[in-house]
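FYI, the numbering just counts along the sequence from 1.
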Amino acid sequence: MLYMVVEHFKSAGAIDVYRRSKEKGRMLPDGLNYVSSWVDLKFTTCFQLMETEDKQLFDKWTKQWEDLVEFEIIPVRTSAEAMQDIAPRL
């Protein structure tokens, strides 16, 4: 299952997030996979595409970052999957 993770950086913003990431890596538990990410031009928000079959793994991961980041975790599907799922209704 794919998830769009929207990270809203807290006060110090991206500097502390990138510092911790450089020191410790993404700190993802086994079974939670990073796919790709994008950061807005003001370094206040990161959009990460992640994949897992166990949504509870997000709890383990976000606890390591919650002092620096507020998270939104949204289940998503690809556009091709959306077209296939909605096609019978068209």
Side-chain angles (χ1 to χ4, degrees):
M1 178 86 183
L2 291 173
Y3 295 86
M4 180 61 66
V5 178
V6 183
E7 299 182 0
H8 301 282
F9 301 143
K10 293 184 178 178
S11 60
I15 293 172
D16 287 343
V17 171
Y18 279 89
R19 182 177 293 124
R20 183 175 297 169
S21 182
K22 182 178 179 183
E23 293 169 359
K24 298 183 178 186
R26 293 186 188 279
M27 299 187 290
L28 295 170
D30 288 339
L32 181 59
N33 303 307
Y34 166 83
V35 177
S36 189
S37 62
W38 304 265
V39 178
D40 74 323
L41 298 180
K42 293 183 180 182
F43 290 98
T44 60
T45 308
C46 178
F47 306 88
Q48 291 197 62
L49 186 61
M50 316 240 347
E51 185 175 33
T52 186
E53 295 303 319
D54 182 0
K55 188 177 180 188
Q56 292 180 353
L57 292 175
F58 281 110
D59 293 336
K60 293 179 182 181
W61 176 62
T62 58
K63 282 183 182 167
Q64 299 175 87
W65 295 96
E66 63 188 3
D67 59 321
L68 301 176
V69 178
E70 292 179 9
F71 292 92
E72 292 179 65
I73 300 172
I74 306 158
V76 296
R77 69 186 90 201
T78 66
S79 295
E81 291 169 333
M83 179 56 89
Q84 183 179 19
D85 291 347
I86 206 163
R89 299 183 219 168
L90 299 178

Do the side chains of [Y] and [X] get nearer than 4.5 Å, heavy atoms only?
| X | Y | answer |
| --- | --- | --- |
| His8 | Glu72 | yes |
| Leu57 | Asp30 | no |
| Val6 | Ile74 | yes |

Item to check | CA sep, side-chain torsions, deciding dist, call: Glu51, Met1, side-chain contact (heavy atoms from CB on, under 4.5 Å) | outcome: CA-CA 6 Å; Glu51 185 175 33; Met1 178 86 183; over 6 Å; no
From [atom1] ([X]) to [atom2] ([Y]), nearest 0.5 Å:
| X | Y | atom1 | atom2 | value |
| --- | --- | --- | --- | --- |
| Asp59 | Asp54 | CG | CG | 9.0 Å |
| Leu68 | Ser11 | CG | OG | 8.0 Å |
| Leu32 | Gln56 | CG | CD | 12.5 Å |

Side-chain polar contacts of residues 39-50 - donor-acceptor pairs under 3.5 angstrom, sequence neighbours left out - could you list them?
| residue | atom | partner | partner atom | Å |
| --- | --- | --- | --- | --- |
| Asp40 | OD1 | Phe43 | N | 3.2 |
| Asp40 | OD1 | Thr44 | N | 2.8 |
| Asp40 | OD1 | Thr45 | N | 2.9 |
| Asp40 | OD2 | Thr44 | OG1 | 2.8 |
| Gln48 | OE1 | Arg26 | NH1 | 3.4 |
| Gln48 | NE2 | Glu7 | OE2 | 2.3 |

Item to check | side-chain contact (heavy atoms from CB on, under 4.5 Å) between Val17 and Val69, intermediate numbers included | outcome: CA-CA 8 Å; Val17 171; Val69 178; 3.8 Å; yes
Under a 4.5 Å side-chain heavy-atom rule over Ile, Leu, Val, Met, Phe, Trp and Tyr, are [X] and [Y] clustered together?
| X | Y | value |
| --- | --- | --- |
| Met27 | Tyr3 | yes |
| Val35 | Phe58 | no |
| Trp38 | Tyr18 | no |

Next on the checklist: side-chain contact (heavy atoms from CB on, under 4.5 Å), that's the test. Do Val5 and Trp61 meet it? Break it down for me.
Outcome noted: CA-CA 12 Å; Val5 178; Trp61 176 62; 4.0 Å; yes
Item to check | Stepwise side-chain contact (heavy atoms from CB on, under 4.5 Å) check, Ile73 with Thr62 | outcome: CA-CA 10 Å; Ile73 300 172; Thr62 58; 4.2 Å; yes
Checklist outcome for this item: What one should report as the nearest heavy-atom pair of Lys10 and Glu70 is CE-CG, 3.5 Å
Can you list, pair by pair, the side-chain donor-acceptor contacts under 3.5 Å of residues 80-90, counting residues two or more places apart and other chains?
| residue | atom | partner | partner atom | Å |
| --- | --- | --- | --- | --- |
| Glu81 | OE1 | Thr78 | N | 2.9 |
| Glu81 | OE1 | Thr78 | OG1 | 3.3 |
| Asp85 | OD2 | Arg77 | NH1 | 2.6 |

Item to check | Residues Arg20 and Asp67 bridged, charged N to O under 4.0 Å | outcome: yes
Next on the checklist: Tell me if the aromatic rings of Trp65 and Phe9 count as close, with their centers under 6.0 Å from one another.
Outcome noted: no
